[in-house]
Engineer: 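Pasting a structure here, questions to come.
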Amino acid sequence: MSKTECFGLPFDDAEPEEIVQRALELIGKKSGAYVVTPNPEIVLSAEHHSALRQALLDADLMIPDGVGLVWASKILGKPLRHRLPGIDFASMLLEKLKSKQGSVYLLGAKPGVAREAADHLSRQFPDLCFIGTHHGYFSNSDEPFLMAEIQRSRPDLLFVCLGSPRQELWMAAHRSELPGTLMIGLGGALDVFAGRIPRAPLRWRRFGLEWLYRLFREPKRIKRMIRLPGILRAAIRERGRS
Ligand code: UDP
């Protein structure tokens with residue numbers, strides 16, 4: 001699959017359908033597999049967080065999420081041709097998996113949210129089996145019990161929605177314990193699937209303004225958003241160096 005490097009990270013830069021097809025092929029892999037969906041914020045943190053960087057590099061698929069990455073890649077002179085928001089990728093994958101009557105486990109978000117997301121998704125995809133859910137505020141001591149439950153369920157897909165960097169580190173640490181399962185790190189996707197946070201209207205998304213819409217809906221994100229122009233500054237610095 002065609003790759004485009006951005007800040008030393010080899011993004012899979014292909015048409016959404018090709019990415020989804022590759023993801024379907026990863027289901028059933030004996031070593032286990034995981035997908036990361038880095039946005040500018042994750043890429044910036046990986047510059048200083050070596051374990052996060054390694055977890056991104058070890059992923060089986062790396063999908064660019066966020067228009068900021070496309071802008072930064074243009075400054076770097078190696079433009080990403082595609083971007084695919086994690087939530088759109090997940091929805092497309094569920095659509096494809098339904099003909100195989102696949103199974104899905106939802107992990108993450110506040111207590112109750114994953115269950116609500118499973119209820120919504122089962123109505124949308126009645127042919128899929130939403131085999132289990134667990135909230136994302138578990139402690140280290142809860143982990144063996146949680147892992148045993150997921151292993152018993154043997155899902156085709158495991159959505160890991162713990163926020164970054166926790167979700168990427170968790171997937172990298174547990175891949176080998178979940179043979180056959182494809183894990184996907186999806187940030188706040190369960191809040192959206194549960195209907196607790198609305199997605200930006202299509203027109204906003206087309207213009208790459210989903211981040212602005214989320215800021216209106218959740219003004220407390222301002223502290224995080226304020227750091228985002230950093231990706232453009234980092235691209236300008238990197239361009240200057242090369
Ligand atoms: N979360 C979690 N466990 C944690 C910290 C966060 O399950 O220890 C959840 C949080 O409830 C939210 C998601 O992880 O559902 C992170 O969402 P955020 O909006 O930060 O992610 P983004 O979509 O911006 O990547």
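Both counts, for ligands and for their atoms, begin at 1 and track the order of listing. Predicted model, so just to flag it, every value in this text is computed and none were measured.
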Engineer: If you look at every heavy atom in Ile231 and Leu44, which pair is closest and at what distance?
Structural biologist: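 Smallest interatomic distance, heavy atoms only, reads N-CD1, 3.8 Å.
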Engineer: Could you tell me which atoms of ligand 1, counted from 1 in the order shown, lie closer than 4.0 angstrom to a heavy atom of Arg166?
Structural biologist: 3 (N), 4 (C), 8 (O)
Engineer: Checking side-chain hydrogen bond (donor to acceptor under 3.5 Å, both in side chains) for the pair Asp88/Ser91: CA distance, chi angles, key distance, verdict?
Structural biologist: CA-CA 5 Å; Asp88 290 340; Ser91 303; 5.3 Å; no
Engineer: Please state which protein non-hydrogen atom is closest to atom 7 (O) of ligand 1 and give its distance, to 0.1 Å?
Structural biologist: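 Closest protein heavy atom to atom 7 (O) of ligand 1: Ala109 N, 2.8 Å.
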Engineer: Got a sec: does the CZ of Phe138 have more than 12 other heavy atoms crowding it under 6.0 Å?
Structural biologist: yes
Engineer: Between Arg221 and ligand 1, which part of the residue brings a heavy atom under 4.0 Å of the ligand: side chain, backbone, both or neither?
Structural biologist: side chain
Engineer: Is there a side-chain contact between Leu186 and Val160, using heavy atoms and a 4.5 Å cut-off?
Structural biologist: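 They are not in side-chain contact.
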Engineer: For atom 16 (C) of ligand 1, find the nearest protein heavy atom and state the residue, atom name and distance (0.1 Å precision).
Structural biologist: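 Answer, as residue, atom name and distance: Gly163 CA, 3.7 Å.
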Engineer: State the atoms of ligand 1, each with its element, that fall below the 4.0 Å cut-off from a heavy-atom position in Gly108.
Structural biologist: 7 (O)
Engineer: Walk me through it: do Ser164 and Glu168 pass the test side-chain hydrogen bond (donor to acceptor under 3.5 Å, both in side chains)?
Structural biologist: CA-CA 7 Å; Ser164 184; Glu168 289 82 14; 2.9 Å; yes
Engineer: Starting from atom 3 (N) of ligand 1, which protein heavy atom do you reach first, and at what distance in Å?
Structural biologist: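 That would be Gly136 O, 2.7 Å.
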Engineer: Among all protein heavy atoms, pick out the one at the shortest distance from atom 11 (O) of ligand 1; state its residue, atom name and that distance to 0.1 Å.
Structural biologist: Tyr137 OH, 2.8 Å
Engineer: What protein heavy atom is closest to atom 9 (C) of ligand 1, reported as residue, atom name and distance in Å?
Structural biologist: Cys161 O, 3.6 Å
Engineer: Yes or no: does Arg214 have any heavy atom under 4.0 Å from an atom of ligand 1?
Structural biologist: yes
Engineer: Considering only NZ, NE, NH1 and NH2 on the basic side and carboxylate oxygens on the acidic side, decide whether Arg22 and Asp12 come within less than 4.0 Å.
Structural biologist: no
Engineer: Begin with the C-alpha distance, continue with both residues' side-chain angles, and end with the deciding distance and a verdict on salt bridge (charged side-chain N to carboxylate O under 4.0 Å, His left out) for Arg115 and Asp119.
Structural biologist: CA-CA 6 Å; Arg115 187 65 259 158; Asp119 291 344; 3.2 Å; yes
Engineer: Atoms of ligand 1 less than 4.0 Å from Leu162 heavy atoms?
Structural biologist: 1 (N), 2 (C), 3 (N), 4 (C), 5 (C), 6 (C), 7 (O), 14 (O)
Engineer: Considering only protein heavy atoms, which is closest to atom 13 (C) of ligand 1, and at what distance to one decimal place?
Structural biologist: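 In this structure, atom 13 (C) of ligand 1 has Gly187 O, 3.6 Å as its nearest protein heavy atom.
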Engineer: Can you find a heavy atom in the side chain of Met183 that is under 4.5 Å from one in the side chain of Trp170?
Structural biologist: yes
Engineer: At what distance is the nearest protein heavy atom to atom 20 (O) of ligand 1, and which residue and atom is it?
Structural biologist: Arg224 NH1, 2.9 Å
Engineer: So, Arg81 versus Ser2: side-chain donor-acceptor pair below 3.5 Å or not?
Structural biologist: yes
Engineer: Do NZ/NE/NH1/NH2 and the carboxylate oxygens of Lys100 and Asp156 come within less than 4.0 Å?
Structural biologist: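 Between Asp156 and Lys100 there is no salt bridge, as every charged N stays at least 4.0 Å from the carboxylate O atoms.
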Engineer: Relative to atom 23 (O) of ligand 1, which among Gly185, Gly188, Pro38 owns the nearest non-hydrogen atom?
Structural biologist: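 Checking each option, the heavy atom nearest atom 23 (O) of ligand 1 is found in Gly188.
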Engineer: At less than 4.0 angstrom from any non-hydrogen atom of Asp191, what atoms of ligand 1 do you find?
Structural biologist: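 So the answer, numbered in order with elements, is 12 (C), 15 (O).
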Engineer: Geometry only, no angles: is Leu186 polar-contacting ligand 1 at N/O separations under 3.5 Å?
Structural biologist: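 By distance alone, the answer is no.
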